[in-house]
Protein chains: 2
Amino acid sequence: MGATKTDHFTDKQNQIATLLKALGHPARIAIIEYLLKVNACICGDIVNELPLAQPTVSQHLKELKNAGLIKGNIEGNAICYCIDEKVIGKLQNYFENISTRLTNKKNSCC
Amino acid sequence: MGATKTDHFTDKQNQIATLLKALGHPARIAIIEYLLKVNACICGDIVNELPLAQPTVSQHLKELKNAGLIKGNIEGNAICYCIDEKVIGKLQNYFENISTRLTNKKNSCC
DNA sequence: AATCTATATCGTAATATTGCAATATATAAT
DNA sequence: ATTATATATTGCAATATTACGATATAGATT
């Protein structure tokens with residue numbers, strides 16, 4: 001096999017999994033953190049920041065874009081990349097919800 | 001290639017990526033959500049909850065355990081699985097931090 | 001038009017992941 | 001001791017991911 005059985009899970013589960021999978025690689029975490037660090041949208045520059053070849057970076061950017069985590073606007077002959085706040089908010093809420101439910105629970109056995 | 005170049009990134013980036021990668025599969029999200037839903041540690045039961053064969057579920061549980069997201073205590077001839085609150089808290093903080101930094105930033109171009 | 005710069009796509013090799021049948025292990029119950 | 005139950009491990013096939021060289025594309029500059 002090798003193909004994930006997405007059809008057996010709920011849409012929400014698949015959506016969250018897709019987002020987290022997209023962030024589940026250090027290069028893509030590094031991209032997100034770089035976009036944050038410069039505190040602006042980046043036009044160019046990303047390839048030079050990462051220890052990976054240009055096609056590899058391009059591929060990682062594509063995956064982040066496909067997952068909806070970043071947006072890319074064409075800006076002259078460069079592309080302006082930005083983090084999508086909404087999606088990050090979604091993830092924040094997801095983990096916040098889990099956290100509160102865990103603290104309310106008072107684990108008995110572990 | 002095919003092997004992730006973890007050595008080129010910071011420890012923190014690799015740690016976060018490892019956690020998110022472990023959660024980047026709907027079956028593992030479903031496991032976490034089931035552990036939450038029953039509001040207790042689960043001894044047994046998980047295999048019957050998921051639309052996957054027992055060895056597959058066992059493998060997913062192992063990955064969650066390796067990433068540190070769940071803990072498993074042997075309880076008779078079953079195993080008692082629980083979510084590790086600390087690690088979830090870490091993820092919550094991570095996304096909260098990104099969120100606040102994003103709202104402070106007031107995206108200019110996107 | 002020719003050239004430069006930035007990014008994307010193609011092709012491909014190396015490796016990792018997903019899923020499961022078969023089998024092993026280990027405790028519980030009879 | 002034998003059997004039942006729960007979970008893990010092994011082995012393997014199908015598929016996905018990662019990485020990059022080569023090449024394509026597209027706007028900017030000269």
Side-chain angles (χ1 to χ4, degrees), chain A residues 1-9 13-14 17-31 34-35 41-67 69-82 109, chain B residues 1-9 13-14 17-31 34-35 41-67 69-82 109:
Chain A
M1 309 274 159
T4 299
K5 288 187 150 187
T6 51
D7 35 315
H8 289 138
F9 302 98
Q13 287 169 340
N14 282 313
T18 300
L19 289 175
L20 296 180
K21 187 179 182 183
L23 290 173
H25 190 291
R28 296 193 287 267
I29 290 290
I31 289 172
Y34 182 62
L35 286 174
C41 302
I42 293 303
C43 312
D45 231 4
I46 295 186
V47 172
N48 304 322
E49 266 305 302
L50 294 182
L52 296 168
Q54 180 267 322
T56 309
V57 174
S58 189
Q59 196 174 296
H60 283 304
L61 286 166
K62 192 180 178 183
E63 273 170 74
L64 287 171
K65 229 190 303 181
N66 286 344
L69 283 156
I70 62 174
K71 294 174 284 184
N73 295 51
I74 296 169
E75 192 99 346
N77 72 342
I79 291 192
C80 177
Y81 283 112
C82 314
C109 82
Chain B
M1 307 270 162
T4 298
K5 288 188 151 187
T6 51
D7 35 316
H8 289 138
F9 301 98
Q13 287 170 340
N14 282 313
T18 300
L19 289 175
L20 297 179
K21 187 179 183 182
L23 289 173
H25 189 291
R28 296 194 287 268
I29 289 290
I31 289 172
Y34 182 62
L35 286 174
C41 303
I42 293 303
C43 311
D45 230 3
I46 295 187
V47 172
N48 304 322
E49 265 305 302
L50 294 183
L52 295 168
Q54 180 269 321
T56 308
V57 174
S58 189
Q59 195 176 298
H60 283 305
L61 286 167
K62 193 180 178 182
E63 273 170 74
L64 287 171
K65 230 190 302 180
N66 286 343
L69 283 155
I70 62 174
K71 293 175 284 183
N73 296 49
I74 295 168
E75 193 99 348
N77 74 341
I79 291 194
C80 178
Y81 283 112
C82 313
C109 82

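Just the heavy atoms: all of them, side chains too, but no hydrogens, waters or symmetry mates, feed the values below. Per chain, numbering begins at 1; letters A, B, ... match sequence-line order.
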Whole angstrom is fine here: how far is it from [atom1] in [X] over to [atom2] in [N]?
| X | N | atom1 | atom2 | value |
| --- | --- | --- | --- | --- |
| A:Asn73 | C:dA6 | CG | C1' | 16 Å |
| A:Ile31 | D:dT18 | CD1 | C1' | 13 Å |
| B:Ile79 | D:dA6 | CD1 | P | 13 Å |
| A:Leu50 | D:dC20 | CG | P | 11 Å |
| B:Asn48 | D:dA6 | CG | C1' | 10 Å |
| B:Leu61 | D:dT7 | CG | P | 9 Å |
| A:Leu64 | D:dT18 | CG | C1' | 14 Å |

Sequence neighbours excluded, which residues qualify as side-chain contact (heavy atoms from CB on, under 4.5 Å) partners of [X]?
| X | answer |
| --- | --- |
| B:Lys65 | B:Ile70, B:Tyr81 |
| B:Ala30 | A:Phe9, A:Gln13, B:Leu50 |
| A:Gln59 | A:Glu63 |
| A:Ala53 | A:Pro55, A:Thr56 |

(message) Tell me the closest heavy-atom pair linking A:Cys82 and A:Leu35, and the distance in Å.
(response)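 Reported closest heavy-atom pair: C-CD1, 4.4 Å.
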(message) Give me the atom names and distance for the closest heavy-atom approach of A:Ala22 to A:Ala67.
(response)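 Result for this residue pair: CB-CB, 3.5 Å.
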Output a table of nitrogen or oxygen pairs between the protein and nucleotides 3-5 of chain C separated by less than 3.5 Å.
unit_1	atom_1	unit_2	atom_2	d
C:dT5	O2	A:Asn77	ND2	3.4

(request) Determine whether B:Leu20 and A:Ile29 make a side-chain contact, defined as any pair of heavy atoms from C-beta on separated by less than 4.5 Å. (result)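 B:Leu20 vs A:Ile29: side chains touch.
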(message) A side-chain contact here means heavy atoms from C-beta on lying under 4.5 Å apart; do B:Leu23 and B:Leu64 qualify?
(response)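 They are in contact (side-chain heavy atoms under 4.5 Å apart), so the answer is yes.
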(request) Assign a letter to each nucleotide of nucleotides 17-23 of chain C from its 5' end: B, base within under 4.0 Å of a protein heavy atom; S, sugar-phosphate only; -, no contact. (result) BBBBBB-
(request) Would you please confirm or rule out a distance under 4.0 Å between OP1 or OP2 of D:dA8 and any side-chain N or O of B:Lys65? (result)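 Checking B:Lys65 against D:dA8: at least one side-chain N or O falls below 4.0 Å of OP1 or OP2.
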(request) Could you tell me whether a side-chain N or O of B:Ser58 sits under 3.5 Å from a main-chain N or O of B:Gln54, the two making a donor and an acceptor? (result)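 Not confirmed, B:Ser58 side chain does not pair with B:Gln54 backbone.
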